[in-house]
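In listed order, ligands and their atoms are each counted from 1. What you are looking at is a predicted structure, and each value in this text was computed from that prediction instead of being measured.
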Amino acid sequence: MKNFTSIKDVADLTALVNLAKEMKSNPLAHRAAGKDKTLVLLFFNPSLRTRLSTEKAGLNLGMQVISMNADQGWTLEFEDGAIMNGAAAEHVKEAAGVISQYADVIGVRSFPTLIDREKDYQDKVVYSFMRYASVPVISLESTIRHPLQSLADVLTVEEFKKVDRPKVVLSWGPHVRALPQAVPNSFVEWMRHANVDLLVTHPKGYELAPEFMDGVRVEYDQKKAFEGADFIYGKNWSSYLDYGKITNSDPNWMITPDKMALTNDAKFMHCLPVRRNVVVADGVLDSPNSIVLEVANNRTYAAQAVLKTILDQL
Ligand code: AN0
Ligand code: CP
């Protein structure tokens with residue numbers, strides 16, 4: 001694994017999940033792996049979980065960790081051949097090259113514009129860093145994917161499943177703001193490589209990009225989708241078809257205890273942050289079946305497995 005931006009960078013998912021389990025059982029066992037190595041994390045957008053869990057993963061491996069908020073006052077140019085007489089003070093060619101002088105591994109978070117679909121789906125920020133950095137790059141949630149989240153999601157399902165091939169339902173829920181499709185895109189991309197029966201439910205108009213959904217089952221009746229589910233994964237996303245728009249905010253799509261009662265005593269998962277009583281009702285988040293904090297805990301070990309794999313190859 002040179003870089004980590006999608007499932008395509010993973011040679012053996014089972015082996016990576018097993019490594020994450022091993023990290024969880026003894027988080028400080030590999031402190032020598034990252035000795036004298038520096039992890040630099042760049043955040044073009046805010047983060048609570050990704051920032052703290054990836055920092056902690058690096059620290060657990062003995063790395064030195066530097067995080068930088070890159071969301072204000074530092075505008076980069078990403079276009080080849082640009083005449084830089086606008087707002088951007090620096091080209092990613094120099095920026096990625098310079099950071100590579102200080103870092104052994106670089107992490108980058110960059111959200112979509114949700115305005116220009118074609119441009120967003122080129123995932124330019126993370127791929128530009130990969131192209132111009134001379135050290136490995138990991139995605140801390142790119143424009144269209146969130147692989148560290150998805151690895152933690154696969155690990156969590158693996159830990160909590162009661163049957164060999166559980167029914168996992170990704171359910172859209174309403175939200176007041178337009179959110180990226182990165183988490184659901186990635187969730188689908190990873191779960192179809194895991195041993196699960198995957199079903200996606202959302203209102204008409206919220207279909208995800210065909211490049212992620214090819215062959216994945218969709219059920220437009222949320223209640224029907226919940227029947228017999230072993231895991232419900234709640235998440236809002238904005239429309240891909242009417243790009244970046246909120247085309248439906250029907251409160252009847254909120255995930256409620258009544259709907260959870262239709263499942264096979266399903267565990268409830270969410271990547272967080274979550275808006276209570278908008279996406280998901282208190283009664284679900286506060287129930288014993290909610291494992292949202294365990295998902296967040298697993299973010300550390302997902303990141304630690306990825307960093308360990310990369311460090312071993314430096
Ligand atoms: C972000 C998103 O939906 O992609 C981050 C979640 C991991 N969520 C918000 O901005 C609320
Ligand atoms: N789940 C997740 O990535 O959360 P943050 O946006 O807080 O990092």
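When non-hydrogen atoms are compared, ligand 1 lies under 4.0 Å from neither the backbone nor the side chain of Gln149. Residue contacts with ligand 1, taken as heavy atom pairs separated by less than 4.0 Å, do not involve Arg177 at all.
In terms of the side chain to side chain contact (heavy atoms under 4.5 Å, CB included) criterion, Pro46 has no residue partners (sequence neighbours excluded).
With respect to Asp258 and Lys223, no salt bridge is recorded, no charged nitrogen being found less than 4.0 Å from a carboxylate O. Here Lys21 does not pair with Glu159 in a salt bridge; the nearest charged N to carboxylate O distance is not below 4.0 Å. The pair Glu189-Lys8 meets the salt-bridge criterion, with a side-chain N (NZ, NE, NH1 or NH2) lying under 4.0 Å from an Asp/Glu carboxylate O. Checked for salt-bridge contact, Lys167 and Asp230 miss the test: no charged N lies under 4.0 Å from a carboxylate O.
Close approach of ligand 2 to His146 (heavy-atom distance below 4.0 Å) involves ligand atoms 2 (C), 3 (O). Annotation for ligand 2: atoms under 4.0 Å from non-hydrogen atoms of Leu48 are 5 (P), 7 (O), 8 (O). Contact atoms of ligand 2 toward Arg299: 1 (N), 2 (C), 3 (O) (distance under 4.0 Å to a heavy atom of the residue). Atom numbering of ligand 2 starts at 1 in the shown order; those under 4.0 Å from a heavy atom of Arg109 are 3 (O), 5 (P), 6 (O), 8 (O). Near Pro180, with a cut-off below 4.0 Å to any heavy atom, the atoms of ligand 1 are 2 (C), 3 (O), 4 (O). Close approach of ligand 2 to Cys271 is summarised as follows: ligand atoms under 4.0 Å from at least one heavy atom of the residue are 1 (N).
In terms of protein heavy atoms, atom 5 (C) of ligand 1 is closest to Glu141 OE1, 3.5 Å. Of all protein heavy atoms, the one lying nearest to atom 4 (O) of ligand 2 is Arg49 NE, 2.8 Å. Shortest contact from atom 10 (O) of ligand 1 to any protein heavy atom: Leu179 CD2, 3.8 Å. Of the protein's heavy atoms, Lys235 NZ, 2.7 Å lies nearest to atom 3 (O) of ligand 1. Nearest non-hydrogen protein atom to atom 1 (C) of ligand 1 is Phe111 CZ, 4.0 Å.
Cation-pi geometry between Lys204 and Tyr220 is satisfied (NZ or CZ under 6.0 Å from the ring centre, within 45° of the ring normal).
Between the side chain of Ser100 and the backbone N or O of Ser134, at least one donor-acceptor pair lies under 3.5 Å. For Ser290 (side chain) and Asp286 (main-chain N/O), no donor-acceptor pair under 3.5 Å exists by modelled atom type. Between the side chain of Asp120 and the backbone N or O of Thr113 there is at least one donor-acceptor pair closer than 3.5 Å.
The shortest N or O to N or O distance between Thr50 and ligand 2 is below 3.5 Å. Residue contacts with ligand 2: Leu272 is placed with a nitrogen or oxygen under 3.5 Å of a nitrogen or oxygen of the ligand (distance criterion only).
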- Message: Under the criterion side chain to side chain donor-acceptor pair (under 3.5 Å), I'd like the reasoning laid out for Arg49 against Asn297: C-alpha separation, chi angles, the key distance, then a yes or no.
- Response: CA-CA 9 Å; Arg49 282 143 289 270; Asn297 183 33; over 6 Å; no
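Look at Pro273 and you'll find a heavy atom under 4.0 Å from some atom of ligand 1.
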